[in-house]
2 protein chains.
Amino acid sequence: MGEDIQGEKPTLRTLSQETGFAVATVSRALAGDPRIAATTRETVTAAANRLGYVPDRAARRLRTGRTQVISLLLNTQHEFLGFTHEFLSGITEVLAGTGYSVTVVPDSPGEDRLAPVRTILRNNLADGILFTRTEAFDPRVRLLMEADFPFVSHGRTEFTTPHPWVDYDNEAFARQAVQHLVAKGRRRISLVLPGDQFTFTQHLRYGFLSAVRTAGIDHEIVPGVTLDSPPPAIAAALMQRRHAPNPPDGYVCVGEVTALLALAALTDTGAVQGVDADIVAKRASPIFDNVRPRIDTVFEDLRATGRAMAEMLLRRMNGEPQERLNRLFMPETDV
Amino acid sequence: MGEDIQGEKPTLRTLSQETGFAVATVSRALAGDPRIAATTRETVTAAANRLGYVPDRAARRLRTGRTQVISLLLNTQHEFLGFTHEFLSGITEVLAGTGYSVTVVPDSPGEDRLAPVRTILRNNLADGILFTRTEAFDPRVRLLMEADFPFVSHGRTEFTTPHPWVDYDNEAFARQAVQHLVAKGRRRISLVLPGDQFTFTQHLRYGFLSAVRTAGIDHEIVPGVTLDSPPPAIAAALMQRRHAPNPPDGYVCVGEVTALLALAALTDTGAVQGVDADIVAKRASPIFDNVRPRIDTVFEDLRATGRAMAEMLLRRMNGEPQERLNRLFMPETDV
DNA sequence: TGAGATAATTGAAACGTTATAAATTGGGGT
DNA sequence: ACCCCAATTTATAACGTTTCAATTATCTCA
């Protein structure tokens, strides 16, 4: 089925026959090679447009070794609602029209995080890699740096060798969140942290601790659970603390799920947010606009993060010096 | 940098030199061609494993025309929190290990929905296509059927020619949701519908209307807004109805955002969910477990949907007859 | 014993592109 | 008229795979 009206799919040979120039000349003309005469280039590009020529990716890839593909290692766990959606939208937004396509590779939390990277390197499946949930001495970063393979990490590392990264200032977020609660008169602030292996956990911890110490107030980092724990486990831990003597009157929540859990814990113990306690949450989606009672939020723009990472990867693949390829997003307070 | 310990990347020629068989024989042996002697096949596969041979995708693609790529047209709008994440996880789960990779192509709601499909067809960018938010006479379905190109739609169409689809029984969902509210004694039920162009909107409408008529109760389909309207607009429409005489005492919510909006509308007008009115919502993520007051929910398993679509696409590409490639997920009531 | 069939293997071509090296053209300067 | 050089263009090979058609080795049967 499907008779082509135009006939066969045009190739360089088609254009060669059409214009009378050799295949090599046509290729050069389209590539913008300066050794080709301007008139020739015009003739060739005109013919290419007329016939709707588009270079064959497989052939180009075979010849040059460049895949025109960017791989995104996507974690199956995320504390933000809509993380994947926002992040991915930002990336595809930038990459649309560049000729690069985005492939998604699952990055399972418990499994070997190196395996997908190794596969990509060994089988030459991409020209660049993006990934999230970076660890302090992330083995993926080490491997990719050794291989001199282009990548951008979402999150910083503690390696001394510089590499491209995009991050959010979680230290500033934690500090501001505490200060906001202190300004509301709160004196005992609770925090659930992500797993210790992630770099941003240290940033959160440091910002949180230094802010509570400066303010001279009490704090607690909820023990036994992380942001990646099953929500019921987090809920149980929060409830336990609410029933203990001296329950917290302020909550700093790094994810939306935790914020809802904290809110539920308050409600379930007869406390009222805004009266008996306050919550400050980092949000990535507008969902909290619809939650009652309202929660104070700090916005993290994950779409912009995705855009920044994609742009940075393009620049890295273009050979820009790595030292300058960093971007730290500052928290934007809504309230 | 990066000195290969193993030396060069192994190709068919490497295996040929290693085993003494010709390149053609090696290729056939690995492909399982029955004309190749069993002993030869063993020798060759052993060498392939030893050297870690993996076929070059570009070369294979150039030769066979098959891309080993599946394109996912991903809409930038979705009423479910975590839709993208769940759906994509299901797809990659099935495709992992099959040799297919998934590329994500943005499918902008306002724009020409055919453009990305045309690009994929013309430039031979994929072997199969998955997409969502199917319309009654979806132009993408028409084009792909004409081109005899493998695809699976999320949602049915009204074309007479059969094609592969995976869908959720939204008619049953709407009916059950109404019945649940009626059983709680509710007599005036409200519903916000998606845009009229989508097939599943008709299913929702039909299930909703037939259930309210059977029960002999009042209903209203909120006018002037759809599920894709900006949340503030939906909120305003809901509030307007709450202030009017005879406000609804039951809400059927197709998405999580709408459910939160309805809950907020109740709260903001001093009504209490569970007392003055009830909400039944379709959910795709466990978020509602954390919302107070609790909302009755019906689960739609989007991860399973993604899995089903990927599996079905593989079968379609394997040449199975299209008539049998359908799957309708039934609602699972939680409460 | 040899012809004819069958089984197993192989050389060579092709997919569409880019890069290397060589060839052609048109002037300028002598 | 000649040579040389720059400006263009071109033939050719290669990337790694699959497949057609042809070749060689092995077997069966008269």
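Every chain is numbered from 1, with letters handed out A, B, ... down the list of sequences.
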Whole angstroms only, please: what is the CZ-P distance between A:Arg61 and D:dT17?
13 Å
Any donor-acceptor N/O pair, A:Arg61 side chain to B:Leu62 backbone, under 3.5 Å:
no
Are any of the side-chain nitrogens in B:Arg156 or B:Asp167 under 4.0 Å away from the carboxylate oxygens of its partner?
yes
Treating A:Ser89 as the side-chain partner and A:His85 as the backbone partner, does any N or O pair qualify as donor plus acceptor under 3.5 Å?
yes
Which nucleotide, C:dT17, C:dG16, C:dT9, lies nearest any side-chain atom of A:Arg13?
C:dG16
Measure CZ/A:Arg35 against P/D:dC5 and give the value in whole Å, please.
19 Å
Is any side-chain nitrogen or oxygen of A:Ser27 closer than 4.0 Å to OP1 or OP2 of C:dT17?
no
Closest to side chain of A:Ala37, choosing from D:dT8, D:dT17, D:dC15
D:dT8
Between P of C:dC15 and NZ of A:Lys9, the distance in whole Å
11 Å
As a test of reading the structure: which of D:dC15, D:dT17, C:dT17 is closest to the side chain of B:Leu12, going by heavy atoms?
D:dT17
A:Ala24 vs B:Thr64, nearer the 5' end of DNA chain D by closest nucleotide:
A:Ala24
Carboxylate-amine/guanidinium proximity below 4.0 Å for A:Arg133 and A:Asp107:
no
Reading DNA chain C from 5' onward, which residue's closest nucleotide shows up sooner: B:Ala59 or B:Ile36?
B:Ile36
Figure out the CZ/P separation between A:Arg28 and D:dT9, and round it to whole Å.
11 Å
Counting only side-chain heavy atoms from C-beta out, which of D:dG16, D:dT17, D:dT9 sits nearest to B:Pro55?
D:dT17
Looking at B:Phe329, is B:Arg327 sitting on its ring face, NZ or CZ under 6.0 Å from the six-membered ring centre and within 45 degrees of the normal?
yes
Selection from D:dG16, C:dT9, C:dT17 that lies nearest to any side-chain heavy atom of B:Thr25
C:dT9
Both A:Ala58 and B:Ala22 contact DNA chain C. Which one's nearest nucleotide lies toward the 5' end?
B:Ala22
Calculate the interatomic distance between B:Arg41 atom CZ and C:dT9 atom P; express it in whole Å.
10 Å
Figure out the CZ/C1' separation between A:Arg60 and C:dT17, and round it to whole Å.
8 Å
Among the nucleotides D:dC15, C:dT9, C:dT17, whichever has the atom closest to the side chain of B:Phe21 is C:dT9
B:Leu62 CG to D:dC15 C1', straight-line distance once rounded to whole Å:
9 Å
Atom-pair distance (CG on B:Asp33; P on D:dT19), nearest Å:
9 Å
